[in-house]
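Residue indices begin at 1 and follow the sequence shown.
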Amino acid sequence: AEGNKLLVKGLTGSTSASSPVYPITSTVFQSTAVWDATNGTMELTSSAAIPASTVTVFSFTLLNPSSSQGTGVTPIVSGTGVADNILSTYVLSAETAQPTFTSKTIAKVVSSKGAYDHFTLDFTASQELATGTRIYVTGFASLSASAAPGSPTFFSSSATGIETALWTGTDLILDLTAPLTTASVTFGLLTPTGTDASSLNIMAMSGSATLIASTLLSSTAWGGGSEASSWGTETALTESSTYQ
């Protein structure tokens, strides 16, 4: 009936502050509930009668604990005339899965010795990468001496959150100025005067901590060719591909 109470308990450890008007989403419960952070309970009030044997859906968001609770806690639901029912899930564990690159490819046009190589890098992470994250592309080992540290020869990005890049002389660094999960960037570097068979890797850092460990981006003999290739022709390189 309208006005009946439903209590979700066992939600201990959340850092969300207690509130008598905590927002929830539902078609059969009022839009706010009573959240008691100390006792870990959320009390909902029905806004309409709920027929028997009807699937009822409601949702709300709670902040995770500041430290891990192992596998988490098991919520229990009870209501007016309804006995306790243990929900078959664990929540509020505060365990964060390590992000990975779910895709990571690079495409390149090989130019003549002493000219420029044109690269397009595409990557997608399994989780949103926060502002301040640094993406490193490493393995450009044998560049011409004239490719000094600084900015790459040219740079463009399709992603809001990557506006510039830094070239160290061996590595390309992308600084995230906004959160993102996927990006495509294009940059140019001076081709080595000799052949460089380096393997390119990608990694992500958060401050001094490794967020995503270095992983193979491509295996490529990427420079020093005597032939000039068309700038409009790119060959895609994946983790297992080799460009000869």
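- Distance check: L121 CG to I202 CD1 gives 5.0 Å after rounding to the nearest 0.5 Å.
- At distances below 3.5 Å, not a single donor-acceptor pair connects side-chain atoms of N39 with backbone N or O atoms of T41.
- Atom CG of L166 is separated from atom CD1 of I173 by 5.0 Å, given to the nearest 0.5 angstrom.
- Under the 4.5 Å side-chain contact rule for hydrophobic residues, I24 and L7 do not share a cluster.
- How far CG of L176 is from CD of E128: 9.5 Å, rounded to the nearest 0.5 Å.
- No chain of hydrophobic side-chain contacts below 4.5 Å, direct or via other Ile, Leu, Val, Met, Phe, Trp or Tyr residues, connects M203 to F123.
- Remark: side-chain polar atoms of T186 are not paired, donor with acceptor, to backbone N or O of S156 under 3.5 angstrom.
- Under a hydrophobic-cluster definition in which Ile, Leu, Val, Met, Phe, Trp and Tyr are linked whenever side-chain heavy atoms come within less than 4.5 Å, directly or via other members, F155 and W167 are assigned to the same cluster.
- In this structure a side-chain-to-backbone donor-acceptor pair under 3.5 Å is missing from T210 to M205.
- For the pair I76/L87, no side-chain contact is recorded, criterion being any heavy-atom separation below 4.5 Å from C-beta on.
- The aromatic rings of F58 and F29 lie perpendicular to each other, with more than 60° between the two planes, well past the 30° mark.
- At distances below 3.5 Å, not a single donor-acceptor pair connects side-chain atoms of S214 with backbone N or O atoms of N201.
- Of the possible donor and acceptor atoms, none in the side chain of S206 sits under 3.5 Å from a partner among the backbone N and O of A209.
- With hydrogens and angles left out, the side-chain atoms of S157 and E163 include no donor and acceptor closer than 3.5 Å.
- Proximity of a side-chain donor or acceptor of T181 to a complementary backbone N or O of Q127 within less than 3.5 Å is not detected.
- K5 and T45 form a side-chain donor-acceptor contact under 3.5 Å, judged by distance and modelled atom types alone.
- At least one donor-acceptor pair under 3.5 Å links the side chain of T15 to the backbone N or O of N64.
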**Item:** Verdict with supporting geometry, L172 and F187, side-chain contact (heavy atoms from CB on, under 4.5 Å)
**Value:** CA-CA 9 Å; L172 183 79; F187 58 96; 3.5 Å; yes

**Asked** After noting the C-alpha distance and the side-chain angles of D122 and S184, does the key distance pass the side chain to side chain donor-acceptor pair (under 3.5 Å) rule?
**Response** CA-CA 4 Å; D122 297 276; S184 178; 2.7 Å; yes

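- A distance-only check finds a donor-acceptor pair linking the side chain of T177 to the backbone of G161 [under 3.5 Å].
- At distances below 3.5 Å, not a single donor-acceptor pair connects side-chain atoms of Y22 with backbone N or O atoms of E43.
- Summarising the geometry, atom OG belonging to S14 is positioned 5.5 Å from atom CG belonging to L92; distances are rounded to the nearest 0.5 Å.
- K9 contributes atom NZ, which lies 3.5 Å from atom CG of D84 (distance to the nearest 0.5 angstrom).
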**Message:** I'd like to know whether F101 forms a side-chain contact (heavy atoms from CB on, under 4.5 Å) with I135, so could you lay out the CA-CA distance, the side-chain angles of the two residues, the decisive distance to 0.1 Å, and finally the verdict.
**Reply:** CA-CA 11 Å; F101 287 117; I135 306 296; 4.1 Å; yes

